[in-house]
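The block underneath contains the structure these notes are about, expressed in structure tokens.
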Amino acid sequence: MNDNMLVPVAGNGLLPLRALNRRQLLAGIGAGALALPSAALAAGGRPSWMQGAGAGMRSYGTPSPAETVSRVAIGSQPGTTGSGASRTPLAALEGTITPSGLHFERHHSGVPAIDPAAHRLHIHGLVEKPLAFSLEALERYPLVTQLRFLECSGNSAANLAAPEAPDLDVATLHGLVSQSEWVGVPLSVLLEEAGLKPGAAWVIAEGADAAAMSRSVPLAKALDDAIVALYQNGERLRPENGYPMRLFLPNYEGNMSVKWLRRLKVTDQPAMTKDETSKYTELMPDGRAAQFTFTMGVKSVITRPSKGYGLGAQGIYPITGLAWSGQGEIRRVEVSADGGRSWADAALEGPGGPGAMVRFRMPWLWQGQPATLVSRATDSTGARQPTREMLVQARGPQSLYHYNGQQRWQVSAAGDVRNSYV
Ligand SMILES: Nc1nc2c(c(=O)[nH]1)N[C@H]1C(S)=C(S)[C@@H](COP(=O)(O)O)O[C@H]1N2
Ligand SMILES: [Mo]
């Protein structure tokens, strides 16, 4: 076979994963894009390695001034300072780790200014010995490292609630998810030190913000993989992400990872706080609500191409995105370019592991044909990401939280991309 020939593996131009080499790209219609760098070099004069002495050092680095990536769709409740959300610019990022300064934020009453020296974490309730920990004390415990996604259960809700596909980009729709390397003290160690009394079944976590955000955590989760996180991506937590300490509950809805953690009360029953009754419950079609729906479902989203990241010249384009599941590891991501009629397996990469995001990639030959790009993930429990239709049928349009439906991007003949339900 002529190795310049590209034989699609599924409908509408999906290409085999390892078929591409430089010769094929150059021989193909992607040549225009590849010619760019040398043209730019010719126009720009001398190559970059011939520059002068250069600038000096900085005590704390920031991105190149040429890079303008920032959090998006930053919205506050009217009349409040910082009670709202900002979203991770998913399409602008690569790999699987979200830079700390671009981690999404969700605050119920702004970001408190906490003096780390004065801050204490209290453990009390059904314990033999109530304890109070300073940041300095917590630092001396053996710390554990977890590469984990954090997703607000309100993420992607616009796609469930709106009858017509809202004309929004991937960050605005799905940017309430990020991934960091979290380092902290296992909560089990602190609870064992306090000594659990008979009847202990729940731990009520409370934050030191004006909202005193509180959630009830099942004791089994607290003793399993919960940590009191002190570090994020190698440095102390950012103020917006809970400085100086936060509860981090892998795989659970983001709301339960209480930031600015100041109190853990061990109890025999849940506290029925505002955020586990009037909020963060899912209204079902029969009028009842599902409560304590902790675990995030299996999910994936194509980050490029996507709205605002459309196609230019015809040629080969990488389709790429992120997949994650609170139920287990991501085992498989399939991609379709024909709206789900045919599928092909994408390549998975990144460190992955339980509770971690993976990146997926799939080469695609675009020759000006209209297309609908979709991805669907399957996790190690065998659960596969549902379509929007399946979710609406099961839950009605009002359940809002925990939307993990497949994202469809409609590509026009002009190469523009928009959100689509069909
Ligand atoms: N104390 C406190 N903890 C909180 C919140 C808050 O407003 N106050 N917001 C919760 C919600 S709804 C989410 S999704 C996550 C967001 O964490 P992040 O801002 O670090 O992304 O924190 C949770 N923990
Ligand atoms: Mo949230």
Side-chain angles (χ1 to χ4, degrees), residues 71-77 80-90 97-114 119 121-122 146 148-158 171 174-184 203-217 226-233 235-265 271 273-282 293-296 324 326 357 400-404:
R71 283 186 279 235
V72 305
I74 302 170
S76 291
Q77 258 98 41
T80 70
T81 49
S83 300
S86 66
R87 290 154 176 85
T88 294
L90 298 173
I97 291 180
T98 311
S100 300
L102 296 175
H103 195 286
F104 85 88
E105 298 169 50
R106 176 74 181 96
H107 315 308
H108 291 246
S109 198
V111 180
I114 295 178
H119 184 83
L121 168 61
H122 293 269
Q146 299 178 338
R148 297 283 187 272
F149 76 84
L150 180 70
E151 184 178 21
C152 177
S153 56
N155 198 22
S156 321
H174 306 292
L176 292 176
V177 66
S178 305
Q179 171 152 286
S180 293
E181 189 192 73
W182 301 97
V183 174
V203 179
I204 320 301
E206 182 188 78
D209 49 343
M213 239 223 45
S214 305
R215 286 296 306 260
S216 309
V217 181
I227 63 170
V228 177
L230 310 176
Y231 291 88
Q232 175 185 8
N233 296 332
E235 62 185 356
R236 284 285 175 77
L237 304 183
R238 294 285 166 101
E240 294 82 0
N241 304 111
Y243 182 84
M245 58 185 74
R246 84 179 298 167
L247 186 61
F248 191 84
L249 301 179
N251 301 324
Y252 275 24
E253 59 184 15
N255 185 264
M256 301 180 72
S257 285
V258 172
K259 300 189 280 189
W260 314 296
L261 185 67
R262 72 173 173 203
R263 192 156 76 98
L264 293 166
K265 183 179 183 184
T273 67
K274 163 181 76 73
D275 284 310
E276 55 203 27
T277 50
S278 79
K279 297 282 191 294
Y280 300 100
T281 52
E282 282 98 71
T293 49
F294 302 133
T295 305
M296 299 310 293
W324 63 99
M357 286 180 151
L400 215 92
Y401 299 104
H402 290 271
Y403 177 88
N404 66 331

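One-based numbering, in listed order, for ligands and for the atoms of each.
Between C152 and F104, some side-chain heavy-atom pair lies under the 4.5 Å cut-off.
Taking every heavy atom of both residues into account, H174 and L90 meet most closely at O-CD1, 3.4 Å.
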Can you list every pair where an N/O of ligand 1 is under 3.5 Å from an N/O on the protein?
from, atom 1, to, atom 2, distance (Å)
ligand 1, 1 (N), D209, OD1, 3.1
ligand 1, 1 (N), D209, OD2, 3.3
ligand 1, 1 (N), K259, O, 3.0
ligand 1, 3 (N), K259, N, 2.9
ligand 1, 7 (O), H108, N, 2.6
ligand 1, 8 (N), D209, OD2, 2.6
ligand 1, 9 (N), R106, O, 3.1
ligand 1, 17 (O), R246, NH2, 3.1
ligand 1, 19 (O), R106, N, 3.0
ligand 1, 19 (O), K259, NZ, 2.6
ligand 1, 20 (O), N241, ND2, 2.8
ligand 1, 20 (O), R246, NH1, 2.8
ligand 1, 21 (O), H103, ND1, 3.2
ligand 1, 21 (O), F104, O, 2.6
ligand 1, 22 (O), R246, NH2, 3.4
ligand 1, 24 (N), S257, O, 3.1

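In terms of modelled atom types and a separation under 3.5 Å, the side chain of R148 and the main chain of Q179 share no donor-acceptor contact.
For R87, the salt bridge (Lys or Arg N to Asp or Glu O under 4.0 Å) criterion is met by no residue, not counting sequence neighbours.
R215 and E253 are joined by a salt bridge, as a carboxylate oxygen and a charged side-chain nitrogen come within less than 4.0 angstrom of each other. Using a 4.0 Å cut-off between charged side-chain N and carboxylate O, R238 and E235 make a salt bridge.
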